[in-house]
Amino acid sequence: NDGKVKVYRLFDSHNFFDKSISFLKLFLKIKRIHPDIVHFYYAPIPKSRFGGLLGEPLLILFLMLKIIRIPFFVTLFSIWYPNQIEPRAYELTKSRLLSKLAKQYFKALMYFFGKLPNILFIIVTAKNSKIIRSFSQSYHIPSDHIKEELHGIWKYDKSAKDNIELNSKKIVCLGFIVPNKGYDYVLMAMNRVLKKIPDASLIIAGSTISAEGREYFKKLRRMSSELCLERSVIIEERYLSENEFTRYITTAGVVILPYVRALGASGIMSLALSHRIPVIAAGSGPLFEEVSDIVSVVPPMNPEALADE
């Protein structure tokens, strides 16, 4: 209202043609405004909102900004390492050759996304994160070109008993419903949990962002039925507001993050810890090493470890 913030809608990210030329629309608007700096948020996910397979048209925009000498930063908020690309590509293509090519292609793509900006920011949880060094080494980007963008975590004593609902037996999993979240492993752990805590319950809630996500949601519903968990498990596929996220978390006995791959930071983890709700995280890599003193960390894809924790 005070004139300091203006929002421009330049393209429709759901329209293939429109987002394919988004780099040109963005460039023309940026050139007209001529800002002191431009800041992009980028996640290397298929069918990117910026067009291409993984947002490749942005690289053209970056080169154009270089030509007219407008500095720009990029914040990377989804981290994939080279050793994760090949198995992920194989899941999608079922081709060993294409999977190997995908790994090399992704390495080249990340190199340019890291080198072209004036600064590449990576969202991390702690200062002096090992993630910066491992990402730099993986993609041959000088470490002094990469900066930390702290997500932030409220540190607390894991033995504290100050949940808002002290006797809550709700297990909560929140966020986008996609395979790499590992919610199926929590379902596999539930019968073991129910033997110990018969009145425990599980809530999985979030939206799907792709056809793959919608298929994964259907798989979770089938698993719940096949494992006879309908009375103890609720699976909701819908957008959650910020207030709903908070309500789910503050009424939980524990929040589970059953990731099947490495990542740089977790908003759900930060929100849960800010309300002093215990967190169990599955995964491996630098992030999980850094938070092991404030959350319980178990190996990925291990329902027995999740249940026992």
Side-chain angles (χ1 to χ4, degrees), residues 5-82 84-86 88-89 91-93 95 97-123 135-136 138-142 145-147 149 176 178 180 207-214 261 263-265:
V5 176
K6 291 185 179 180
V7 178
Y8 302 96
R9 184 182 178 92
L10 299 179
F11 62 95
D12 180 0
S13 61
H14 298 288
N15 181 295
F16 175 79
F17 176 76
D18 206 22
K19 69 180 182 180
S20 296
I21 61 169
S22 63
F23 73 94
L24 183 57
K25 293 183 176 183
L26 286 166
F27 175 74
L28 293 174
K29 176 59 72 174
I30 291 169
K31 186 179 179 183
R32 189 174 302 121
I33 298 172
H34 202 82
D36 294 320
I37 195 163
V38 181
H39 190 180
F40 296 93
Y41 276 78
Y42 170 71
I45 55 176
K47 300 180 180 178
S48 167
R49 69 183 61 184
F50 294 107
L53 178 62
L54 296 167
E56 291 87 345
L58 271 180
L59 296 177
I60 302 173
L61 175 59
F62 292 171
L63 290 171
M64 295 166 80
L65 292 178
K66 288 275 189 186
I67 291 171
I68 62 174
R69 297 184 179 181
I70 292 182
F72 59 96
F73 298 162
V74 171
T75 291
L76 183 66
F77 62 91
S78 182
I79 294 176
W80 289 81
Y81 290 104
Q84 298 171 317
I85 298 303
E86 195 169 333
R88 177 60 176 145
E91 287 178 20
L92 297 173
T93 66
S95 167
L97 176 60
L98 289 177
S99 301
K100 291 182 183 298
L101 291 174
K103 177 181 177 180
Q104 298 306 316
Y105 177 76
F106 191 84
K107 287 178 68 174
L109 189 69
M110 284 298 98
Y111 174 78
F112 287 112
F113 267 103
K115 283 287 290 182
L116 288 176
N118 294 76
I119 298 176
L120 174 68
F121 289 96
I122 295 180
I123 296 179
F135 191 87
S136 169
S138 296
Y139 295 109
H140 307 291
I141 302 167
H145 198 73
I146 306 174
K147 304 296 182 184
E149 186 170 325
F176 290 127
V178 289
N180 63 39
S207 56
T208 56
I209 54 175
S210 63
E212 182 186 34
R214 289 186 286 275
R261 66 172 181 85
L263 70 161

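If you read the sequence from its start, that first residue is 1, and numbering goes on from there. Small disclaimer: the values here were computed from a predicted structure and weren't measured.
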**Report entry** Worked verdict on Tyr105 versus Leu101 for side chain to side chain contact (heavy atoms under 4.5 Å, CB included)
**Finding:** CA-CA 6 Å; Tyr105 177 76; Leu101 291 174; over 6 Å; no
Requested in this report: Using the side-chain hydrogen bond (donor to acceptor under 3.5 Å, both in side chains) rule, take Glu149 and Thr75 through it: C-alpha gap first, then chi angles, then the decisive distance, then the call.
Outcome: CA-CA 8 Å; Glu149 186 170 325; Thr75 291; 2.7 Å; yes
Query raised in the report: Can you check side chain to side chain contact (heavy atoms under 4.5 Å, CB included) on Phe27 and Ile68, steps first, answer last?
Result: CA-CA 10 Å; Phe27 175 74; Ile68 62 174; 3.5 Å; yes
Report task. Report the C-alpha separation of Val178 and Glu212 in whole Å, then their side-chain angles, then the decisive distance to 0.1 Å, and conclude whether the side chain to side chain contact (heavy atoms under 4.5 Å, CB included) test is met. Result -> CA-CA 7 Å; Val178 289; Glu212 182 186 34; 5.7 Å; no
**Report entry** Worked verdict on Phe62 versus Phe113 for side chain to side chain contact (heavy atoms under 4.5 Å, CB included)
**Finding:** CA-CA 9 Å; Phe62 292 171; Phe113 267 103; 3.6 Å; yes
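No more than 12 heavy atoms of other residues, nucleotides or ligands sit less than 6.0 Å from atom NZ of Lys31. In this structure, Phe72 places its CZ atom where more than 12 heavy-atom neighbours from other residues, nucleotides or ligands lie under 6.0 Å away.
A cation-pi arrangement is found for Lys29 relative to Tyr8, the charged atom lying closer than 6.0 Å to the ring centre and inside a 45° cone about the ring normal.
Side-chain contact check for Leu58 versus Leu61: some heavy-atom pair is nearer than 4.5 Å. The shortest side-chain heavy-atom distance between Pro44 and Leu76 falls under the 4.5 Å cut-off. Here the side chains of Leu109 and Glu56 are in contact, with some heavy-atom distance below 4.5 Å. With a 4.5 Å cut-off on side-chain heavy atoms, Pro71 and Val38 do not count as touching. Looking at heavy atoms from C-beta onward, Lys100 lies in side-chain contact with Glu86 at the 4.5 angstrom threshold.
Pairing each heavy atom of Thr93 with each of Ser99, the nearest pair is OG1-OG, 3.7 Å. Lys107 and Ser138 make their closest contact through CE-O, 4.1 Å (heavy atoms, listed as atom of the first residue, atom of the second, distance). Pairing each heavy atom of Met110 with each of Ile141, the nearest pair is O-CD1, 3.6 Å. Shown here for Thr208 and Gly213, the closest heavy-atom pair between the two residues is CG2-O, 3.4 Å. When all heavy atoms are compared, the tightest approach of Gly51 to Pro57 is O-CD, 3.4 Å.
One distance of note links CG of Leu26 with CG of Leu65; it measures 9.0 Å at 0.5 Å rounding. Residue Ile122 holds its CD1 atom at 5.0 Å from CD1 of Ile79, rounded to the nearest 0.5 Å. From Ile85, atom CD1 reaches atom CZ of Phe106 across 4.0 Å, with rounding to the nearest 0.5 Å. To the nearest 0.5 angstrom, Leu63 atom CG is 10.5 Å from Phe23 atom CZ. Rounding to the nearest 0.5 Å gives a distance of 4.5 Å between CD1 of Ile70 and NE2 of His34. Rounding to the nearest 0.5 Å places OG of Ser136 at 4.5 Å from CD1 of Ile146.
Put simply, the side chain of Gln84 never gets that close to the backbone of Pro82: no donor and acceptor are under 3.5 Å apart. Counting only distance, with no hydrogens or angles, the side chain of His145 and the backbone of Leu120 share no donor-acceptor pair below 3.5 Å. Put simply, the side chain of Ser22 never gets that close to the backbone of Phe11: no donor and acceptor are under 3.5 Å apart.
Taking the six-membered ring for Trp and the full ring otherwise, Phe135 and Tyr139 have centroids separated by under 6.0 Å. Checked against the 6.0 Å centroid threshold, Phe73 and Phe40 do not count as a close aromatic pair.
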